[in-house]
Amino acid sequence: MARLEWGLFFASGEIMARAAIGLVLVGSLAGASAAAVELPRAAPESVGMSSARLAAVAQKMDALVAAREFPGMTAMIARRGQVVYQHSTGVLDVETGAPMRDDSLLRVYSMTKPITSVAAMTLVEDGELLLDAPVTRYFPEWRDLTVLVDGENVPLTGPVTARHLLMHTSGLTYGYYGDTPVDRMYREARLIDDWDYLTRDTRELVAKLADIPLLFQPGSRWHYGFSSDVLGHLVERVSGKPLDAFFRERLFEPLGMRDSFFDVPPEVVDRFGTDHYVNDGEVVVQDSPREDPEFIDVTFLSGGGGLVMTAEDYLRFALVMQGGGRLQDARILSPTTVDLMTTDLLPEGTSAGGAGFGLGFAVVLPGAGRDARSPGSYYWGGAAGTFFWVDPAQELVAVFMPQRIGSPGWIQQTLQNMVYAAIDRN
């Protein structure tokens, strides 16, 4: 890990000036060369938002960079299906000084999980996968799974299903952040360390998990773990295709997501930046595009955290959800399936850290009162501080993408509050 001083990159006003140009409020938007896949854009006032208040969001992003909370950040906002805001600021790569751009490639980590969930639900709609069928139909190596209870392995009271994987109620954990006996077994089996997957691929992961008991009975509670990585391999086994190929054919190509990768191609690696910690204004490089085993020459196609993409590509994905499964001429899911995925399905008395949870998405519950998002909004975030949400009541979609491990929660809430302050009318 290289320790780098902020002053090296922010002494030059040129970088900040170039980044500040990134704010886009309709009227300054250039025309598209590929109209069939270009996202529609509109003046903020035409969809009930304030240009001035959206400009204040850009100013806050710039201020966060100037205060050394982030090296850089890019963001997009859409309302009623129209893009009204796009802004990129600061530095993409602190080792080279390259500025953050609208087309920068960024690690979304766990924001991969909702995409994997949608991929799985396309198979449900195809009639190829049943939500409540035992996954042992596809993972015969899991037929003897047990649950560890008071130091003893006991039989499952019911099988692990695709629904459990989608809802993180499967009984799987991650192993690197807990200290239960099951977490320790994960570490002993060398499944993952702080940032890198240690098995060659998800097939090997599933095989190793067959020999480790579950943390709890499937369906009994919510717990963050390998569920989405296992779900990604389930997609592979059901479809007969590698996860990257399935994503490309069923999601990325139909939605015009041209800049979404598990394995960053050499021809675009110049748009892929560094990932960081920030300590007292000093940046520590956690991952570099020149030395990154997770995203270069990839064999572990992580449905739980493996994608690198642009903010626009993620906005396209979020817009298809906001559109009831359709974006322009591409129908990915039915509105009924989208409603199911974005409804709280957790058992009474169970929550996902105070939120509801559907099939791949956290859900804002009525009376939660935690932030400005409307009840029924759904969302998720990633380890590098990326976050997105869809607010159906306000027809609002927002994507914010920094690259800072351990990003403070107050930053997310601050930016959310400012986005809602820009709404002039419902």
More than 12 heavy atoms from other groups under 6.0 Å of CD on E267
yes
Quick one: list whatever passes ring pair (Phe, Tyr, Trp, His ring centres under 6.0 Å) with [X], sequence neighbours left out.
| X | result |
| --- | --- |
| F400 | F387 |
| F261 | none |
| H276 | none |

Decide ring-ring contact (aromatic ring centres under 6.0 Å, His included) for F388 and Y314; before the verdict, give the C-alpha distance in whole Å, the side-chain angles of both, and the deciding distance to 0.1 Å.
CA-CA 9 Å; F388 85 100; Y314 209 93; 5.0 Å; yes
NE2-NZ distance between H168 and K113, expressed to the nearest 0.5 angstrom
6.0 Å
Give, for atom CG of D275 and atom CG of L106, the distance between the pair rounded to the nearest 0.5 Å.
9.0 Å
If you look only at pairs with a residue in residues 163-192, which of them pass as a salt bridge (charged side-chain N to carboxylate O under 4.0 Å, His left out), with sequence neighbours excluded?
D132-R163, D179-R184, D179-R187
Aromatic plane relationship, F139 with H233 - under 30° parallel, 30 to 60° tilted, over 60° perpendicular:
parallel
Please find out if less than 6.0 Å separates the ring center of W380 from that of Y224.
yes
Partner set under side chain to side chain donor-acceptor pair (under 3.5 Å) for T342, not counting sequence neighbours:
none
Those residues at least two apart in sequence (or on a different chain) that pass side chain to side chain donor-acceptor pair (under 3.5 Å) with Y138 are none
With a distance cut-off below 6.0 Å to the six-membered ring centre and an angular limit of 45° from the axis, does R373 pair with Y420 as a cation-pi contact?
no
Any donor-acceptor N or O pair under 3.5 Å, side chains S334, E125:
yes
